[in-house]
There are 2 protein chains.
Amino acid sequence: MAKREKNTEKLILEAATKVFLEKGFDGARMQEIADKAAINKALVHYYFRSKEKLFDAIFQEAFVQFIPKVMDVMTSDSPLFEKIKAFVNTYISMLIKNPHLPIFILHELNRHPEQMVNRIQSFGAKPELLVKNIIKEIKKGKIRPVDPRQLIVNMIGLCIFPFAGRPIIQGVIFKNDDKTYNRFLEDRKKDVADFIIHSISIKK
Amino acid sequence: MAKREKNTEKLILEAATKVFLEKGFDGARMQEIADKAAINKALVHYYFRSKEKLFDAIFQEAFVQFIPKVMDVMTSDSPLFEKIKAFVNTYISMLIKNPHLPIFILHELNRHPEQMVNRIQSFGAKPELLVKNIIKEIKKGKIRPVDPRQLIVNMIGLCIFPFAGRPIIQGVIFKNDDKTYNRFLEDRKKDVADFIIHSISIKK
DNA sequence: GTCTATATTGTGATAGAC
DNA sequence: GTCTATCACAATATAGAC
């Protein structure tokens with residue numbers, strides 16, 4: 001059976017995702033989206049009515065992807081260090097596939113912080129559970145006493161930053177070499193996990 | 001003696017800095033800059049000719065501020081851990097005063113990575129020195145063997161992320177409370193330094 | 001559903017009086 | 001130097017034929 005042709009709506013969404021993620025809402029052009037989807041500009045409006053509505057569709061999906069599935073990791077019954085390794089590995093792997101995601105989400109949310117209020121309810125990340133879990137480990141004397149919120153921010157920041165800051169890091173530290181930087185990102189899965197674990201381990 | 005009036009050029013630069021840093025190049029409007037400077041739109045063009053030229057002036061200064069003065073810290077002859085503490089403390093303090101700086105720089109460089117090539121030469125950050133310094137500490141057995149480049153990226157990322165990701169972090173973890181988040185940022189000066197130092201300390 | 005043509009508005013930039 | 005008025009074009013959005 002022949003492969004089914006993609007329908008137009010999907011073509012537009014794919015094109016729009018690329019353009020919006022690379023240029024942001026303000027930098028994106030409906031014309032460029034239409035060109036990339038190999039259709040006419042009017043057709044984009046036919047399917048999504050306005051630039052804003054099209055953007056909302058893309059942002060929604062991108063945002064869900066961006067929010068790390070902390071809960072998935074925490075519901076497992078493996079030890080904390082194993083959970084950290086799994087989280088870092090999964091999250092960095094996803095970002096390697098979607099390198100523009102961090103800046104896109106971060107920039108758009110900085111432009112429109114009010115939108116954050118709406119988003120919070122719409123997804124089920126409950127960091128309280130993770131916080132409690134960390135506190136439990138501290139009380140059991142398994143890890144160094146730290147502010148759990150700081151630890152969570154550290155974990156996420158360490159994963160995201162090399163993608164959000166790629167041009168500057170690659171430029172300054174890696175002499176703009178793509179291959180070396182990609183290798184650096186691969187290595188990071190292990191390095192960041194080690195880094196975090198060492199930072200909360202108790203010295204004997 | 002009466003306080004001297006600010007000249008127009010300075011007024012424009014101050015207004016433009018605010019607008020560009022909050023909205024980025026694509027989102028900024030010459031009209032808004034003029035309004036904020038309490039002058040006419042034509043006058044902005046009179047002083048800077050074009051939006052792009054005005055932007056360049058702002059970006060240049062912002063970029064210099066953004067690049068952490070790693071060298072300043074490293075030229076001191078204090079021990080590595082003291083250097084790390086000083087760096088984290090200085091950099092986070094600066095970011096508290098300029099919270100929009102990270103997203104602004106990161107976003108604009110992602111939009112125009114080619115510009116990074118020009119910038120690199122224009123400022124004197126030589127991370128090689130820092131890399132060598134870290135390697136020396138490792139060889140002396142003072143710290144755990146790590147990839148110095150990863151360590152540097154970690155240090156910077158840990159400082160920057162809570163500012164770049166403020167809306168999302170504050171929304172999800174801090175129930176959107178400004179005061180708590182500001183306190184969190186203050187605490188971070190110490191917490192991040194501790195975090196890094198523990199992560200590279202050698203266990204006895 | 002898809003196209004061409006066009007309306008409409010927004011925005012950077014300039015001309016010219018004062 | 002500073003202003004008002006205006007140009008020129010870019011970009012979103014719609015009308016209407018097919």
Side-chain angles (χ1 to χ4, degrees), chain A residues 2-62 100 104 107-108 110-112 114-115, chain B residues 2-62 100 104 107-108 110-112 114-115:
Chain A
K3 190 169 66 177
R4 187 149 146 55
E5 281 290 335
K6 280 177 192 171
N7 62 26
T8 307
E9 188 175 339
K10 189 146 192 164
L11 275 175
I12 295 172
L13 279 172
E14 284 176 7
T17 301
K18 275 188 198 162
V19 175
F20 277 130
L21 260 85
E22 278 178 29
K23 315 210 164 170
F25 180 84
D26 292 326
R29 295 291 168 258
M30 296 297 268
Q31 183 64 62
E32 193 183 347
I33 293 172
D35 292 348
K36 199 155 283 191
I39 53 159
N40 189 274
K41 200 172 50 163
L43 205 47
V44 183
H45 281 92
Y46 172 80
Y47 275 94
F48 292 92
R49 273 201 71 81
S50 73
K51 184 183 180 182
E52 212 162 322
K53 284 197 170 55
L54 175 55
F55 177 82
D56 285 346
I58 269 78
F59 188 84
Q60 176 62 26
E61 196 170 348
H100 290 288
F104 172 68
H107 174 254
E108 297 299 337
N110 264 277
R111 284 272 291 125
H112 308 284
E114 337 80 56
Q115 292 200 357
Chain B
K3 189 170 65 176
R4 183 149 149 58
E5 282 288 336
K6 280 177 192 173
N7 63 27
T8 307
E9 188 175 339
K10 188 146 192 162
L11 277 175
I12 295 172
L13 280 172
E14 284 175 7
T17 301
K18 276 187 198 161
V19 175
F20 277 130
L21 261 84
E22 279 180 27
K23 315 210 166 172
F25 180 84
D26 292 326
R29 296 289 167 259
M30 296 298 269
Q31 184 64 61
E32 191 181 349
I33 293 172
D35 291 348
K36 199 154 281 190
I39 55 160
N40 190 275
K41 197 172 52 161
L43 206 47
V44 183
H45 282 92
Y46 172 80
Y47 275 93
F48 292 91
R49 276 199 69 80
S50 73
K51 183 182 179 183
E52 212 162 323
K53 284 198 171 53
L54 175 55
F55 177 82
D56 285 346
I58 269 79
F59 188 84
Q60 177 61 27
E61 197 169 347
H100 290 288
F104 172 68
H107 175 252
E108 296 299 336
N110 263 276
R111 283 272 291 127
H112 309 284
E114 338 79 57
Q115 293 200 357

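Here the structure is a predicted model, which is why all the values come from computation and not from measurement. Order of the sequence lines sets the chain letters (A, B, ...), proteins ahead of strands, with each chain counted from 1.
Put simply, the side chain of R29(A) does not reach to within 4.5 Å of the side chain of V19(A), judged on heavy atoms. Taking the side chain as every heavy atom from C-beta outward, Y46(B) and T8(B) never approach each other to under 4.5 Å.
Looking at residues two or more places apart in sequence or on another chain, you find a side-chain contact (heavy atoms from CB on, under 4.5 Å) between K23(A) and E32(A), R111(B). By the ring-ring contact (aromatic ring centres under 6.0 Å, His included) test, F25(A) is found to be paired with F55(A), residues two or more places apart in sequence or in another chain being considered. Residues satisfying the side-chain contact (heavy atoms from CB on, under 4.5 Å) test with E14(A), not counting sequence neighbours, are K6(A), K10(A).
Near-neighbour residues of DNA chain C inside residues 37-50 of chain B, defined by a heavy atom below 4.0 Å, number-ordered: K41(B), A42(B), H45(B), R49(B), S50(B). Taken residue by residue, residues 15-30 of chain A places heavy atoms nearer than 4.0 Å to DNA chain D at A28(A), R29(A), M30(A).
Between the P atom of dT11(C) and the NZ atom of K51(B) lies a distance of 9 Å, rounded to the nearest Å.
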side-chain contact (heavy atoms from CB on, under 4.5 Å) evaluation trace for F20(B) with H100(B): CA-CA 10 Å; F20(B) 277 130; H100(B) 290 288; over 6 Å; no
Stepwise side-chain hydrogen bond (donor to acceptor under 3.5 Å, both in side chains) test for Q60(B) and D56(B): CA-CA 6 Å; Q60(B) 177 61 27; D56(B) 285 346; over 6 Å; no
Chi angles and distances behind the side-chain contact (heavy atoms from CB on, under 4.5 Å) call for F48(A), E9(A): CA-CA 9 Å; F48(A) 292 92; E9(A) 188 175 339; 3.9 Å; yes
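Using a 4.0 Å cutoff to heavy atoms of chain B, the contacted part of DNA chain D runs 5' to 3' from dG1(D) to dT4(D).
For NZ of K18(B), the number of neighbouring non-hydrogen atoms (other residues, nucleotides, ligands) closer than 6.0 Å is 12 at most. Remark: E52(B) CD is loosely packed, at most 12 non-hydrogen atoms of other residues, nucleotides or ligands lying under 6.0 Å away.
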